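So you know, we letter chains A, B, ... as the sequences are listed, proteins then strands, and number each from 1. Only a predicted model underlies this, so the values are computations on that prediction, with no experimental measurement involved.
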Amino acid sequence: MAKQPRYQNRVELLQGTLDMLILRTLQWGPQHGYGISRAIRAGSDEVLTIETGSLYPALHRLEKQGWVSTKWKLTENKQRAKFYRLTATGRKHLLAEQSRWEEFVKAVSGVMRPAETDS
Amino acid sequence: MRFFGWLTGRRQREEELDEEIRTHLAMAIQERIERGEKPAQAEANAHREFGNVALVKEVTRDMWGWRWLETLLQDLRYGLRQLRRNPGFTIVAVLTLALGIGANTAIFSIVNAVMLRSLPVRNPGRIVLFSDNPGESMGMGNGIPSGRQRTFSYPLYMELRDHSHLFQGICAFQTSEDTHTVRASDATGATVQVAQGQMVSGNFFSVLGVGAALGRTISSQDDRPGAPPAGMVSFSYWQNRLGGDPSIVGRSIDVDGVPVTVMGVTPMGFFGVRMEPHPPDFWMPLSLRPRMPLTMMPQAKSLLTSPPVSWLNMMGRLKTGVEKAQAQAQINGQVREYLMGLAGLKMTAFDRQQIEHAYVELAPGGRGLSALRFQYSEPLRILLVIVALVLLIACANVANLMLARATARQREMATRLAMGAGRGRLIRQVLVESGLLAIAGGLAGTLLAFWGSSILLALVAAKVPLDISPDLGVLAFAGGISVLAVVLSGLVPALRSARVDLIQALKEGSVSGGEKHRLIDPGKGLVVFQIAAAVLLLVAAGLLIHTLFDLENQNLGFRPDHVLLVGISPELAGYKPKELPSLYHELVDRVSALPGVRSASVGMQSPMGGGAASFMISVEGQPPSHRREVPQVVPVGPGYFKTEGMRTVLGRGISPRDTASSMPIAVVNQAFVRDYLHGGNPIGRRFSSGDVFKAPGFRIVGVVEDARFANAGEKARPMLFFSAYQLQSASIFAYVNEIEVRTAGNPASIGDEVRRAIQGIDSSLPITQVTTLTSRVKNSLGQQRAVSALTGLFGILGLLLACVGLYGIMAYNVARKTHEIGIRMALGAERSDILKMVVGQGFRLAMVGVIIGIAGALALTRFLASLLYGVTPTDPLTFIAVSLILIAVALLACYVPARRAARVDPMVALRYE
């Protein structure tokens with residue numbers, strides 16, 4: 001029978017990036033899980049879809065790290081939801097991650113560009 | 001407290017996670033509806049997009065940490081519920097495991113007590129024994145010591161004690177305990193109590209590091225010639241004989257007429273350093289030895305100064321950092337130098353050679369000197385293997401039960417898998433359940449063991465002061481065995497249950513039909529293994545029981561029936577050697593006159609009375625030789641052979657005319673004629689003590705049949721019988737210890753009359769014990785009896801468990817195949833066909849098991865060889881009998897389910913399911 005999908009494996013591949021994306025989304029203010037996934041999907045022009053099996057473990061992990069804090073609040077539709085908010089250490093972590101990411105992108109682009117001119 | 005806080009916090013988070021996910025779904029549905037989807041479709045789509053809720057929760061919870069503990073608690077709760085729901089299964093499984101674990105723990109606690117446990121002394125690892133227990137004791141004789149030395153003279157002890165700088169201290173103690181008469185000063189009555197005393201060096205307690213429970217220990221100050229007599233009593237003697245009175249310290253008790261001041265009481269768990277049936281009641285310094293009136297040993301007066309008399313064992317405490325080998329080399333140098341010095345100028349080349357071959361072997365002494373350890377280490381090792389097999393069979397049973405249940409639970413497992421449970425979780429669930437069973441079984445088994453091991457110990461060694469109370473080692477062993485049981489009994493079912501085929505299992509009605517055919521069905525494999533293991537157990541038991549039977553029915557060389565033995569001690573009563581013949585005459589005459597007495601005699605000991613004194617001799621006209629076995633010596637009175645039922649094969653026995661005034665004579669046994677006289681005519685030949693013949697010596701007047709003297713399993717050893725009436729000059733050969741009485745009726749019934757008759761002659765003559773020769777023979781077979789009884793018991797246990805396993809799997813198969821059987825019967829199969837089919841299946845399993853078991857037994861029984869007597873390890877009778885028994889019992893175990901199968905009503909069976 002088919003192997004059951006294990007979300008954890010994919011989380012590990014994406015871990016750093018997913019955490020960064022979530023933290024980045026929270027820069028605009030506190031948001032609940034559904035809002036975060038919607039924001040990431042919209043922000044990436046529907047390219048990036050965050051599976052719930054990755055999103056919630058990531059959120060709970062970030063909370064455990066102390067990079068986000070949580071609060072139960074009402075949404076504009078008067079629905080009770082758990083809101084995640086960026087903390088000060090979370091902001092610092094985001095900055096560090098972001099510069100690392102930019103370096104990484106630069107490095108990858110440096111490698112990829114000659115190949116592009118060839119073709 | 002923190003744990004509960006954590007638990008409640010946990011529950012809250014759980015609820016929050018639920019709500020968070022609910023909100024997420026609600027928002028997604030709402031958005032889809034707003035986009036124009038129908039509510040029902042929106043909900044379905046949102047759920048599909050979200051994925052497996054349970055799994056999302058599970059991986060999210062993973063982030064909280066401590067998850068394994070939480071799920072473990074869940075599994076435990078679930079497991080307990082499952083076990084409660086199937087009480088029949090649970091009881092059988094727990095009982096099976098309890099028997100397996102209990103048997104192992106019981107045997108191990110005896111192993112622990114006999115072989116592993118240390119004496120209650122300080123840092124027992126540093127204590128060494130100057131040569132451990134021997135297989136054979138050395139002859140005393142007057143020869144130069146050679147070979148392994150384990151007994152030492154007092155002067156040699158002093159030499160080693162004072163000049164061995166690698167030891168913190170070396171202490172010495174008498175090789176055997178003496179029986180003393182004790183009168184407490186408060187004299188409750190005129191009767192004399194008999195107590196065991198051991199003579200020890202003054203530093204004995206300080207070297208061992210044993211303190212006093214009361215008062216103080218005896219010290220080197222008490223062990224000087226001329227020091228006031230001091231002693232120490234054991235805790236149990238103080239409690240039982242001295243009334244536990246604390247004021248005993250400083251009081252004096254009368255030991256053989258010498259007033260000895262009690263200095264202190266030893267701690268409760270201290271039984272001395274020799275693990276033997278009668279531990280010492282009190283300890284006295286060695287220097288007191290010459291002042292004690294006992295003359296058991298010939299040169300009693302000169303014991304402290306005479307170099308040739310070896311009467312001490314030694315133990316030492318190594319200094320920290322000193323290796324045993326290093327100390328041993330030093331000691332050996334000192335011993336040889338001492339012996340050379342002793343031999344001096346008279347030393348011949350032969351003597352020198354002997355001395356160079358003398359050595360001491362330092363052995364770990366922290367566990368004391370235990371004959372029991374030597375006697376039982378081999379049987380106990382074998383018993384450990386046997387109970388391990390029982391445990392394996394028990395575990396296989398539980399595994400089988402769980403397998404059968406796993407099949408019944410296939411749908412449950414498949415459902416859990418479909419709901420998103422990981423396979424690892426399912427395996428763990430099954431292991432948790434077997435863990436719960438093993439814990440329950442382990443607890444029950446440990447209780448069983450604590451209760452059972454004292455019974456087992458009574459079988460093994462009745463009066464040895466062994467402490468078999470549970471200690472950490474035993475508990476750890478029980479725990480370890482239980483863990484092993486979890487793995488053994490749970491692994492196969494666990495792996496199996498995780499291999500459930502989802503679709504097949506979830507389909508209605510597929511449970512009985514969808515079973516795939518594997519090469520080896522694990523359940524059947526387990527049953528085959530159980531039967532093979534049971535064959536091994538029964539073969540071992542059969543061989544040992546056959547041995548016991550042979551031992552009990554062999555020709556012992558004497559007739560044990562109708563013989564009463566009454567132990568006496570004229571030595572303790574203060575008889576002088578020259579007064580003995582008239583005492584013996586009077587005793588024998590008085591006892592012989594009693595009604596129901598056929599004959600009576602006196603002797604140093606009877607057959608089965610343990611090892612006799614040995615006596616190095618040289619035969620007239622033969623060169624000295626040290627290679628032959630030193631003969632054993634038993635002084636006896638006239639009529640001894642007739643009373644014991646020993647046949648005189650040549651010449652005559654001891655006669656009343658063999659007295660001090662006549663020529664010293666001896667009667668020898670057949671083994672002596674064979675070993676010393678090379679089968680020539682023995683009558684009239686002469687021998688004397690020592691390694692060179694000295695006239696006039698002893699004249700051989702008769703030969704008796706070889707009798708087993710030390711124990712029933714020994715080979716015949718050369719023996720000499722002297723006349724107890726003849727040798728008053730050598731006191732060691734003048735005192736007898738026993739009156740032997742051959743009776744017409746039950747010997748035990750006239751014990752009291754004989755006792756009264758003896759007391760009528762001299763009321764102060766101590767009677768040490770009254771027993772029969774039959775019970776002596778029985779006791780001497782105690783070890784064989786205990787080992788074969790235990791092996792037989794475990795063999796039967798293994799057989800029963802294996803049969804339960806076979807029965808279980810057959811019954812289960814029949815239940816599962818009810819449908820198939822129904823069809824067969826509907827198609828015209830006779831009941832007898834069904835019966836044959838089911839029994840045939842079981843029989844095939846049993847046969848495979850028996851064949852594997854017999855093959856295994858053929859390969860393994862040679863390890864039993866040291867315990868066998870008169871039976872070869874591949875004894876065909878035993879092998880055939882065991883095979884037949886197993887096949888018969890296996891058929892019986894299959895017959896019941898087969899009958900049930902044959903009674904299947906085809907109509908009911910087809911409607912079934």
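Looking at B:Glu31, the atoms closer than 4.5 Å to chain A (heavy atoms on both sides) all sit in the side chain, from C-beta outward. Contact annotation for A:Arg38: only side-chain heavy atoms (C-beta onward) come within less than 4.5 Å of a heavy atom of chain B.
Here the NE2-CG distance, from A:His60 to B:Leu17, works out to 5.0 Å after rounding to the nearest 0.5 Å. The line from NE2 of A:His32 to OG1 of B:Thr23 is 9.0 Å long, rounded to the nearest 0.5 Å. For the atom pair CD of A:Gln79 and CZ of B:Arg22, the computed distance is 11.0 Å after rounding to the nearest 0.5 Å. Between the CD atom in B:Glu16 and the NZ atom in A:Lys82 there is a gap of 5.0 Å [rounded to 0.5 Å]. A distance of 6.0 Å separates OH of A:Tyr56 from CZ of B:Phe50, quoted to the nearest 0.5 Å. Distance CD/B:Glu20 to OG1/A:Thr52: 11.5 Å, rounded to 0.5 Å.
Taking both residues in full, the closest heavy atoms of B:His24 and A:Gly33 are given as ND1-C, 4.2 Å, listed atom of the first, atom of the second, then distance.
Counting non-hydrogen atoms of neighbouring residues, nucleotides and ligands closer than 6.0 angstrom, the CZ atom of A:Arg85 reaches no more than 12 such neighbours.
Proximity to chain B among residues 101-108 of chain A is not found for any residue, judged by heavy-atom separations below 4.5 angstrom. At a heavy-atom cut-off of under 4.5 Å, chain B is reached by A:Trp72, A:Thr75 from residues 65-75 of chain A, listed in order of number.
By the salt bridge (Lys or Arg N to Asp or Glu O under 4.0 Å) test, B:Arg77 is found to be paired with no residue, residues two or more places apart in sequence or in another chain being considered.
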Considering only distance and modelled atom types, tabulate donor-acceptor pairs under 3.5 Å from the side chains of residues 21-28 of chain A, sequence neighbours left out.
| unit_1 | atom_1 | unit_2 | atom_2 | d |
| --- | --- | --- | --- | --- |
| A:Arg24 | NH1 | A:Gln27 | OE1 | 3.0 |
| A:Thr25 | OG1 | A:Leu21 | O | 2.7 |

